[in-house]
There are 2 protein chains.
Amino acid sequence: MSLRYALLALLSVEPMTGYDLQKEFQSSVGHVWHAPDSQIYPELRRMEKDGLLEGEDVIWGQKGTKRLYHVTPGGKKALRTWANTTMEYTRTRDPAHLKAAYLELAEPAAARDQMREHVRHHTEQLEQWQDKLRELQSGTSAMLNRRLAATPEADRRRTTEFKIFAYEGLIARAQTEIEWAQRGMSLIDALDKPS
Amino acid sequence: MSLRYALLALLSVEPMTGYDLQKEFQSSVGHVWHAPDSQIYPELRRMEKDGLLEGEDVIWGQKGTKRLYHVTPGGKKALRTWANTTMEYTRTRDPAHLKAAYLELAEPAAARDQMREHVRHHTEQLEQWQDKLRELQSGTSAMLNRRLAATPEADRRRTTEFKIFAYEGLIARAQTEIEWAQRGMSLIDALDKPS
DNA sequence: TTACACATGTAAGGCGTTACATGATTCT
DNA sequence: AGAATCATGTAACGCCTTACATGTGTAA
């Protein structure tokens with residue numbers, strides 16, 4: 001259900017096509033929520049059917065058309081309701097920690113690879129998020145600037161601060177994961193050669 | 001696909017029924033991976049069809065029977081392969097951080113509620129995991145003890161240490177989430193009354 | 001004219017959730 | 001006799017992934 005609200009949030013800044021949205025899901029929002037095009041296009045249709053969006057066919061070149069979606073009042077309301085509602089947390093389901101709990105079944109070399117991969121993955125994420133955070137802080141985030149331009153002055157500070165806050169959380173989590181996996185590598189070494 | 005390996009890992013200690021497994025998924029493994037009975041029973045059937053398990057009908061009471069599953073050599077091999085294989089990481093999909101990024105759309109009171117709920121949820125998890133960790137460390141974990149009894153002496157230390165390691169990771173993550181949400185509450189307060 | 005970006009989907013299948021269903025056994 | 005526990009599923013639906021599929025526009 002979150003996909004729907006991520007789309008609404010993006011479209012509440014300005015009308016976009018499915019393609020535009022898909023690109024945002026590869027960069028900006030994509031850092032928090034990923035979705036492929038094959039999920040986005042049908043969801044936009046459903047949202048239109050549910051009255052949250054209105055699609056408008058726009059001429060594109062000579063023969064082409066593209067469908068620009070904009071948020072309806074119903075969509076704005078749904079977005080506000082979502083923002084004001086506490087979500088329920090789903091039960092834990094964590095492949096990385098499940099595997100870690102059974103690392104004794106792996107060869108030490110394979111165990112090390114897994115921890116190295118965990119570090120690599122989260123380092124990559126961390127760097128993306130840190131870049132994004134710097135953009136937000138320096139006012140060079142294109143998406144945020146467009147959003148701020150459409151936001152009443154009194155809410156601009158909040159808007160920026162909460163985006164920064166979200167990324168700080170992701171960064172803190174990535175750092176925690178990296179430290180954990182590094183401890184894991186030490187542990188594997190210690191158990192492998194207990195000398 | 002992880003459900004399959006979680007089931008294999010549990011069954012590699014001793015044969016169990018679907019019901020037994022389901023209970024483990026509510027307590028021990030359930031702290032890392034959750035699954036409802038409606039998912040477990042069909043998965044056991046599929047695993048049997050795939051040659052990873054063998055089910056045996058056991059008489060139970062006068063009229064009843066129950067199905068005890070035990071791991072086949074093929075199942076053991078599949079478990080070892082899984083343990084030795086680096087998993088691919090799926091793209092981020094994080095409802096809590098997505099909502100945090102748009103917290104300016106919520107009333108301050110609702111935003112506070114959400115952060116409070118985030119703290120509550122992760123505190124609850126944290127406590128569960130800390131309990132479990134203490135059990136592991138004090139040697140009072142029934143599941144671990146059964147596993148150790150079926151483990152060659154040379155691997156017992158590793159087995160225990162990796163379980164501890166997995167829970168330490170979950171604990172560290174929960175703590176990070178709690179600190180983040182607490183910073184969130186301060187931020188909401190600061191933005192609400194900028195004095 | 002060729003490559004890259006723009007544009008929009010369908011189809012099959014897997015995993016997971018929630019709700020619905022049923023019956024035997026054992027303990028008090 | 002009743003309650004709690006043991007035991008095993010089915011059905012419908014939603015979300016997500018992967019692979020397949022097609023066509024236009026624009027700039028080098």
Side-chain angles (χ1 to χ4, degrees), chain A residues 1-8 11 15-27 29-30 32-50 53 55-69 82 87-95 98, chain B residues 1-8 11 15-27 29-30 32-50 53 55-69 82 87-95 98:
Chain A
M1 247 329 55
S2 287
L3 171 59
R4 172 162 292 208
Y5 298 104
L7 290 167
L8 274 176
L11 289 170
M16 287 190 229
T17 67
Y19 186 80
D20 295 332
L21 286 160
Q22 185 232 114
K23 276 180 44 183
E24 292 297 325
F25 272 86
Q26 279 166 16
S27 54
V29 219
V32 187
W33 195 270
H34 166 262
D37 51 352
S38 66
Q39 211 190 339
I40 292 172
Y41 288 109
E43 183 63 22
L44 288 170
R45 298 251 156 201
R46 272 193 295 274
M47 288 166 75
E48 187 172 9
K49 208 185 63 199
D50 294 346
L53 299 181
E56 176 194 0
D57 286 316
V58 170
I59 355 169
W60 171 59
Q62 266 98 53
K63 286 181 259 178
T65 61
K66 59 182 184 179
R67 198 157 179 80
L68 260 188
Y69 288 97
W82 170 76
M87 37 160 248
E88 347 79 48
Y89 288 77
T90 55
R91 240 79 58 90
T92 317
R93 197 166 282 128
D94 185 334
L98 175 62
Chain B
M1 249 325 62
S2 288
L3 171 59
R4 170 161 294 208
Y5 298 104
L7 290 167
L8 274 176
L11 289 171
M16 288 191 229
T17 66
Y19 186 81
D20 294 333
L21 285 160
Q22 185 232 116
K23 275 180 46 185
E24 292 297 325
F25 273 86
Q26 278 165 17
S27 55
V29 220
V32 187
W33 195 269
H34 167 261
D37 52 351
S38 67
Q39 211 189 339
I40 291 172
Y41 288 109
E43 183 63 21
L44 288 170
R45 299 250 155 202
R46 272 193 296 272
M47 288 166 75
E48 188 173 9
K49 210 185 62 201
D50 295 347
L53 300 181
E56 178 193 359
D57 286 316
V58 169
I59 357 171
W60 170 59
Q62 267 96 52
K63 286 179 259 178
T65 61
K66 59 182 182 179
R67 198 158 179 79
L68 258 190
Y69 288 96
W82 170 75
M87 38 160 250
E88 347 81 45
Y89 288 78
T90 55
R91 241 76 63 87
T92 318
R93 197 165 281 128
D94 185 334
L98 175 63

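Numbered from 1 within each chain, the chains take letters A, B, ... in sequence-line order. Predicted model only: the values in this text are computed from it and were never measured.
Of the two residues contacting DNA chain D, namely Tyr69(B) and Gly64(A), the nearest-nucleotide position lying further toward the 5' end is that of Tyr69(B).
Computed from coordinates, the Gln62(A) CD to dG23(D) C1' distance equals 15 Å when rounded to whole Å. Rounded to an integer number of Å, the gap from CD of Gln26(B) to C1' of dA7(D) is 14 Å. Rounded to an integer number of Å, the gap from CD of Glu43(B) to P of dT8(D) is 16 Å. Taking atom OH of Tyr5(B) as the reference point, atom P of dG14(C) lies 14 Å away to the nearest angstrom. dG14(C) atom P lies 11 Å from atom CG of Asp50(B), rounded to whole Å.
Contact check of residues 32-40 of chain B against DNA chain D (heavy atom, cut-off under 4.0 Å) returns Asp37(B), Ser38(B).
The side-chain hydrogen bond (donor to acceptor under 3.5 Å, both in side chains) test applied to Ser2(A) returns no partner, not counting sequence neighbours. Remark: Tyr89(B) pairs with His118(A) by the side-chain hydrogen bond (donor to acceptor under 3.5 Å, both in side chains) rule, at least two apart or across chains. Legend: residues meeting side-chain hydrogen bond (donor to acceptor under 3.5 Å, both in side chains) with Arg46(B), ordered by chain and number and at least two apart, are Glu43(B).
Among the atoms of the strands shown, none is found under 4.0 Å from any heavy atom of Arg46(A). Looking at heavy-atom distances under 4.0 Å, Arg4(B) makes no contact with the nucleic acid at all.
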Response to the item:
In 5'-to-3' order, the base (B), backbone-only (S) or no-contact (-) status of each nucleotide in nucleotides 1-7 of chain C, using a 4.0 angstrom heavy-atom cut-off, is ----SBB

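Contact annotation: Arg91(B) does not reach the phosphate of dT17(D) (side-chain N/O to OP1 or OP2, under 4.0 Å).
For Trp33(B) against Leu98(A), the heavy-atom pair with the smallest separation is CE3-CD2, 4.3 Å. Minimum heavy-atom separation, Glu48(B) to Gly55(B): OE2-N, 3.1 Å. Of all heavy-atom pairs between Gln39(B) and Ala35(B), the closest is OE1-CB, 4.0 Å. Residue Tyr41(B) comes nearest to Tyr19(B) through the heavy atom pair OH-N, 3.3 Å, listed as atom of the first residue, atom of the second, then distance.
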Item to complete: Would you sort out whether Trp60(B) and Arg67(B) count as a side chain to side chain contact (heavy atoms under 4.5 Å, CB included), showing the intermediate values?
Response: CA-CA 10 Å; Trp60(B) 170 59; Arg67(B) 198 158 179 79; over 6 Å; no

Worksheet item: Given the rule in the side chain to side chain contact (heavy atoms under 4.5 Å, CB included) test, do Leu7(A) and Val29(A) qualify, once you have shown the distances and angles that lead to the verdict?
Response: CA-CA 9 Å; Leu7(A) 290 167; Val29(A) 219; over 6 Å; no

Practice prompt. Evaluate the side chain to side chain contact (heavy atoms under 4.5 Å, CB included) criterion for residues Ile40(A) and Leu44(A): first the C-alpha distance (whole Å), next the side-chain angles of each, then the deciding distance (0.1 Å), finally the verdict.
Written response: CA-CA 6 Å; Ile40(A) 292 172; Leu44(A) 288 170; 3.9 Å; yes

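Rounded to 10 degrees, the angle separating the terminal helix axes of the helix from dT1(C)-dA28(D) to dT28(C)-dA1(D), each built from five base pairs, is 20°.
Remark: Leu68(B) CG to Thr17(B) OG1 distance equals 6.5 Å, nearest 0.5 Å.
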